[in-house]
*Asks:* 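Quick one: the structure is below, and I'll ask about it shortly.
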Amino acid sequence: MTEPVLDVHLKPEDAAHALRADVRAGLTADPKWVSPKWFYDAVGSELFEDITRLPEYYPTRAEREVLAERAGEIAATTGAHSLVELGSGSSEKTRLLLSALREHGTLQEFVPQDVSVSALTEAAHAIIADYPGLRVHGVVGDFTQHLSLLPGESPRVVAFLGGTIGNLIPEEREKFLRTVRDVLDPGEWLLLGTDLVKDEQTLVRAYDDAQGVTAEFNRNVLNVLNREVGGDFDVEAFEHVALWNAEQEWIEMRLRARRAMRVTIAELGLTVDFREGEELRTEVSAKFREEGVRKELEDGGFALHRWWTDSEGRFAVSLAQAV
C-alpha cells in the first residue's frame, strides 16, 4: 500500500504557543472568550462525532444529502485533478466527492488538511486503503495560517464543508476567502458548506440537545485549558448556554458561571475572576442567506456557479469559481 506524504507546518510547540496566546487574549477581554479551535482534543472530537448523530443536529445529515445528490455534477463541472479538503477530520463526507471524481476519470490526488497529525495520518491511510492508486498528500496546518502552502495538481477543488466557515466572524471570513482565492489559479474551484438562517427553535435545539452532549462538548474546552495551560477551572461550575443572536444571525455558545469564582492559569501566571452569571463565549456559528454568501464570495474573488440545498432548505452547498 502506498504511504501518504505528510507536510507538517504546525508542530506541537506551535499549537501550544497559539493556545497560550489565545487564552491570555480571551480571558483578559471583556466579555471573555475562548476560540472554538480548542474544542477538538481527542475527547472533544469524539463528542462532536456524537453530536453529528443527534436527532436535533441536522447540518451533517443535510450536507451529506446534498453531496450524495450532487457529487457527480460537481465532478463533471470541475474536472478536478486534486481535491483539497480543509479541516478534513475523518474525511467521511469527502468520500462522496472522491468516488464521483474517480468515476469521472479526473481524480489524481487528495490533499486533506487538519491540525492533528494523528487524525490526519489515520484518515489518510483509510483513504489509501479504499482508493488504491490515489496519491494522498496530507498537510498538518491551520486553515487560518497555512493556506498558501497547500499542494495539489491543477485544476483543484478546495472543499470547506460542515458549515465551519460560520465559526469565523465576518472580518475573518473575508480574509479567509481572499487567502483561498490567492492560492488558486483562475478557473479553479471552491466548494463551500453553509448552514442557513431558519427558525430560532430549530437552531437553538441543534446547539442545546436534550441529551446534553453539546453541553458536555462545550464544557470540555475547560478540561483542555486545565490540562494544557495549568488551569484550575471547576468544569461543573459552568452551565452550557446556546443563544440565537438575531442581529448578527449567528448562534452563540457560551459557558455561564453558576457562582462567583477565581480561576488561576498557572502557565501564564494569570488569575481571572468570574462573577456569578458571567459568561465566557466559546463559539459563534453564523447562519447564511444565498444573497449574503454570493456577495461574500464575490468580494473574495469568486463567482458563484451553483447553489444547492437539501430537500428541506436547511443547509446549502455552493460551488464557486476563482475569477
Side-chain angles (χ1 to χ4, degrees), residues 1-22 35-42 44-45 48 78 80-95 97-99 101-102 106-162 164-165 167-168 172 175-193 228 300-301 322:
M1 185 171 72
T2 308
E3 285 294 309
V5 175
L6 211 61
D7 295 343
V8 179
H9 301 303
L10 188 68
K11 299 180 174 63
E13 57 267 29
D14 299 327
H17 177 77
L19 174 59
R20 288 193 295 270
D22 269 2
S35 170
K37 73 169 71 170
W38 307 115
F39 279 139
Y40 299 97
D41 66 345
S45 296
F48 184 71
T78 64
H81 291 178
S82 300
L83 173 63
V84 180
E85 185 180 18
L86 305 181
S88 60
S90 62
S91 302
E92 209 177 316
K93 284 178 287 193
T94 321
R95 291 164 185 266
L97 299 170
L98 290 171
S99 296
L101 285 164
R102 171 160 276 197
T106 58
L107 181 67
Q108 297 178 19
E109 186 176 30
F110 176 47
V111 181
Q113 175 275 326
D114 200 80
V115 295
S116 167
V117 175
S118 57
L120 198 59
T121 302
E122 186 179 334
H125 278 109
I127 292 291
I128 286 172
D130 291 346
Y131 295 85
L134 179 64
R135 295 197 310 271
V136 177
H137 192 153
V139 178
V140 180
D142 185 330
F143 65 74
T144 64
Q145 296 178 44
H146 302 115
L147 286 177
S148 63
L149 302 170
L150 288 173
E153 181 179 321
S154 187
R156 292 169 292 182
V157 56
V158 173
F160 194 41
L161 301 173
T164 307
I165 194 167
N167 295 146
L168 306 177
E172 292 170 332
K175 181 182 176 184
F176 168 79
L177 290 169
R178 288 186 180 279
T179 305
V180 175
R181 173 60 192 88
D182 288 345
V183 168
L184 297 178
D185 297 329
E188 292 189 308
W189 301 90
L190 171 65
L191 187 70
L192 185 65
E228 300 296 336

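What you see below is based on every heavy atom in this structure, not just the backbone, and it leaves out hydrogens, waters and symmetry mates.
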*Asks:* Per the side-chain contact (heavy atoms from CB on, under 4.5 Å) rule, which among Val8, Thr121, Asp114 passes with Val140?
*Replies:*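 The option that passes is Val8.
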
*Asks:* Shortest non-hydrogen contact from Gly141 to Val115?
*Replies:*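 Heavy atoms only, the tightest pair is O-CG1, 3.5 Å.
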
*Asks:* Once you round to the nearest 0.5 Å, how far does CZ of Arg102 lie from CG of Leu83?
*Replies:*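 Interatomic distance, Arg102 CZ to Leu83 CG, rounded to 0.5 Å: 12.5 Å.
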
*Asks:* Should Phe110 and Thr94 count as side-chain neighbours, where that means a heavy-atom distance under 4.5 Å?
*Replies:*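 Side chain of Phe110 against side chain of Thr94, heavy atoms only: contact under 4.5 Å found.
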
*Asks:* Would you name the heavy atoms of Glu109 and Gly152 that are closest together and state the gap between them?
*Replies:*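 For Glu109 and Gly152, the tightest heavy-atom pair comes out as OE1-CA, 3.4 Å.
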
*Asks:* Quick one: pull up CG in Leu150 and NE2 in His137 and give me the separation to the nearest 0.5 Å.
*Replies:*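 Spacing of CG (Leu150) from NE2 (His137) equals 9.5 Å.
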
*Asks:* How long is the gap from NE2 on His125 to CG on Leu120, to the nearest 0.5 Å?
*Replies:*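 Answer for the NE2-CG pair, His125 versus Leu120, is 10.5 Å.
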
*Asks:* Quick one: CG on Leu191 to OG1 on Thr78, what's the gap to the nearest 0.5 Å?
*Replies:*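 Interatomic distance, Leu191 CG to Thr78 OG1, rounded to 0.5 Å: 8.5 Å.
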
*Asks:* Restricting to non-hydrogen atoms, name the atom on Arg181 and the atom on Asp185 that form the minimum distance, rounded to 0.1 Å.
*Replies:*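 Closest heavy-atom pair between Arg181 and Asp185: NH1-C, 4.4 Å.
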
*Asks:* In Å, rounded to the nearest 0.5 Å, how long is the span from CG of Leu19 to CG of Asp14?
*Replies:*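 So the gap between those two atoms works out to 12.5 Å.
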
*Asks:* Could you please spell out the steps behind the side chain to side chain contact (heavy atoms under 4.5 Å, CB included) verdict for Thr164 and Phe143?
*Replies:* CA-CA 11 Å; Thr164 307; Phe143 65 74; 4.2 Å; yes

*Asks:* Can you tell me how far CG of Leu192 sits from CD1 of Ile165, rounded to the nearest 0.5 angstrom?
*Replies:*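 Rounded to the nearest 0.5 Å, the CD1-CG separation comes to 4.5 Å.
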
*Asks:* Does His17 reach the side chain of Pro12, with side-chain heavy atoms less than 4.5 Å apart?
*Replies:*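 Side-chain contact under 4.5 Å: no.
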
*Asks:* Any side-chain heavy-atom pair from Phe39 and Asn167 closer than 4.5 angstrom?
*Replies:*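 Of all side-chain heavy-atom pairs linking Asn167 with Phe39, none is under 4.5 Å.
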
*Asks:* Report all side-chain donor-acceptor pairs from residues 128-136 shorter than 3.5 Å, counting only partners two or more places apart or in another chain.
*Replies:*
from   : atom 1 : to    : atom 2 : distance (Å)
Asp130 : OD2    : Arg95 : NH1    : 2.4
Tyr131 : OH     : Arg95 : O      : 3.1
Tyr131 : OH     : Ser99 : OG     : 2.7

*Asks:* State, with a plain yes or no, whether a side-chain heavy atom of Val139 is found less than 4.5 Å away from one of Val84.
*Replies:*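 Val139 does not reach Val84 side chain to side chain.
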
*Asks:* What I'd like to find out is whether the side chain of Lys37 reaches to under 4.5 Å of the side chain of Asp22, using heavy atoms alone.
*Replies:*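 In short, these two side chains touch, coming nearer than 4.5 Å.
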
*Asks:* Show me the side-chain donor-acceptor pairs of residues 153-162 shorter than 3.5 Å, one per line, residues at least two apart or across chains.
*Replies:*
from   : atom 1 : to     : atom 2 : distance (Å)
Glu153 : OE2    : His81  : ND1    : 3.2
Ser154 : OG     : Glu188 : OE2    : 2.9
Arg156 : NE     : Glu188 : OE1    : 3.4
Arg156 : NE     : Glu188 : OE2    : 3.1
Arg156 : NH2    : Val183 : O      : 3.0
Arg156 : NH2    : Glu188 : OE1    : 3.0

